[in-house]
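Note sheet for the following structure.
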Amino acid sequence: MTINDIKHPKIKAWVEEVAKMCEPDNVYVCDGSKAEYDKLMQEMIKSGLATPLKKRPNSVLFRSQPSDVARVEGRTYIASTKEENAGPTNHWIDPNELKATMKGLYKGCMHGRTMYVIPFSMGPVGSKIAKNGIEITDSAYVVCNMDIMTRVGTAVLDVLGTNGEFVPCLHSVGKPLAKGESDNGDWPCADMEHKYISHFPEERTIWSYGSGYGGNALLGKKCFALRIASVLARDEGWLAEHMLILKLTSPSGEVKYVTGAFPSACGKTNLAMLIPTIPGWKVETIGDDIAWMKFGDDGRLYAINPENGFFGVAPGTSNDSNKNAMESIKENTIFTNCGLTEDGDIWWEGIGYPAKGELVDWHGNKKPAPAKDKSPKGEEIAHPNARFTAPAHQCPCIASEWEDPKGVPISAFLFGGRRPSTIPLVHQSRDWNHGVFLGSIVGSEVTAAVISDQVGQVRRDPFAMLPFCGYNMGDYFQHWINLGKKTTADKLPKIFYVNWFRKDADGNFMWPGYGDNSRVLAWIFDRCDNKDNFVETAIGYMPKDGAINTTGLDVSADAMKAITSVDKEGWLKEIKDIRENHYPKFGKHLPKELSAELDKLEANLKKM
Ligand code: SAT
Ligand code: MN
């Protein structure tokens, strides 16, 4: 399709304006067809950018530049008119200044490239909860990934008609080509200091420049479905959250839907696709990264997964840790920064079997296969944040209702992160405000999902939204408090804080995690029915002795006791850190309800 096929005057004018600024060789409007995907992929294979995988039908491997392997939080901006509206946790720049800088970069940035126009829907096309966007990009890699991760094509233009609302998302890899120049099969992107992932929340607009990678470039995902959508949600009274959505069925066939907020690379995909180790229980997947939730007429919160695929962390994914993910990526999958085997398959650390012969690592260098299913830090075959992009419908445990436009009613919210100490395996909040407090204090060890010098250190990541909230995080806490008043307590989801990542004095994990997390899910399920399976403690409700099924579990009684009791000293330190370093950041934007919860927690602990 061409610009003239666009019947929406505002979209057409915007596309023309961008084309004038970026000066591409061609403009192409995507129809989202398989033929289009195949053609673009063939071109990328021919140019040497993509390697087809003999072992996986219709699947390819890409290798990025070493500087372009993860989200760049230091180059991510919330350009609201007032700095206060971006708040203390976001990078703010004056929108006019940022636009001037970026227009300078965008000028002529698509020389030698095609400019693709991608009409996409976040959520089932036409659903009342869904929203539309148009991404303009000069990257065919982005087009193909968007094709998997969102619903792309003519149907979206039809829904938009001549005046439907859309979020304009502008992206360029930031590498114009001189006449006759080509990428030579190299991943195009700009230097770190020229990368910009910019959001203009008042205009509901996204401008991204200089990176081709995941959350920096697939603008429907973190930029739209979280940063811009969180602003829409605040204004319209709903929630746009960094949460997986799972369907939990008990042995008696009862169903509950649960969402979970965990920072990037903390196992959301694994939890969403978990295979229970306790008999009779079943987990099915609705989504693995983002939940949009609105109140239904019955006063309950209903969630949809706005995405259409999985952009999952590859290393560590195996038939043991996540068989359903392994099944989902057998075909029609894009791999990025994984290793390549001699026989034309991908390989990564933690895939569950050693590689044979010679491998090509994510830099494109030949290397002997590591003796074990592991490599020393910095010498990995696959980058620790290597990813797979796979269609959600390929997942064997996708729930039949995953595309229900109404969404699914949520019974429980889980919060969690990687916490080697203090935080127990599971505890439940006494009520909504206490639960919002728990969300506000979430912390996690920083992982490879973000380029940062803090990898391995614990940082506060409230609601796992630290890098994804499009406005003042203090106001976001207030929004959560306010939502709790919109319906009766029995209709609100119950709130839990879980921690699969406790370590002992020798640094070994104390809880096996993965499928055994079903034991905790089963306790949570019963809590939602108000079963008598808990004790009240200083920090909230915790499992009564024996309430967590440990049959067949390989955890000593001492370890089990340690992870299911209150660590008074640890919590007092936690409180000190929240009081001195975390909450003061929000100043007058911190809801008084949260300081009250902090005081209450401290008083409870001191009584212990
Ligand atoms: O690269 S993404 O931002 O899409 C993945 C993540 O960090 O969760
Ligand atoms: Mn994520």
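We count ligands from 1, going down the list as the structure has it; atoms in each ligand are counted the same way.
Under the 4.0 Å criterion applied to side-chain N and carboxylate O atoms, E241 and K294 are not assigned as salt-bridge partners. With respect to R56 and D345, a salt bridge is recorded, a charged nitrogen being found less than 4.0 Å from a carboxylate O.
No donor-acceptor contact under 3.5 angstrom links the side chains of N85 and N472, judged on distance only.
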Yes or no on side chain to side chain donor-acceptor pair (under 3.5 Å) for R113 and S172, after CA distance, side-chain angles and deciding distance?
CA-CA 10 Å; R113 300 189 189 277; S172 169; over 6 Å; no

May I have the step-by-step check of side chain to side chain donor-acceptor pair (under 3.5 Å) for H479 and R234, ending in yes or no?
CA-CA 6 Å; H479 179 57; R234 173 199 62 191; over 6 Å; no

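Under the 6.0 Å distance and 45° angle rule, R75 counts as a cation-pi partner of Y196. A cation-pi contact, defined as under 6.0 Å to the ring centre and within 45° of the axis, links K222 to F468.
Note that CE of M122 and OG of S127 are 12.0 Å apart. Values are rounded to the nearest 0.5 Å.
Inspection of the environment of the Mn ion (ligand 2) yields the following protein N, O or S atoms under 2.8 Å: K222 NZ, H242 NE2, D289 OD1.
Side chains of W347 and E349 form a contact here, defined as non-hydrogen atoms less than 4.5 Å apart.
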Would you tabulate the polar-atom pairs, meaning N/O of ligand 1 against N/O of the protein, with distances under 3.5 Å, reported to 0.1 Å?
| unit_1 | atom_1 | unit_2 | atom_2 | d |
| --- | --- | --- | --- | --- |
| ligand 1 | 1 (O) | G215 | N | 3.0 |
| ligand 1 | 3 (O) | R71 | NE | 2.8 |
| ligand 1 | 4 (O) | G215 | N | 3.4 |
| ligand 1 | 7 (O) | R71 | NE | 2.7 |
| ligand 1 | 7 (O) | R71 | NH2 | 3.1 |
| ligand 1 | 7 (O) | S264 | OG | 3.0 |
| ligand 1 | 8 (O) | K222 | NZ | 3.1 |
| ligand 1 | 8 (O) | S264 | OG | 2.9 |

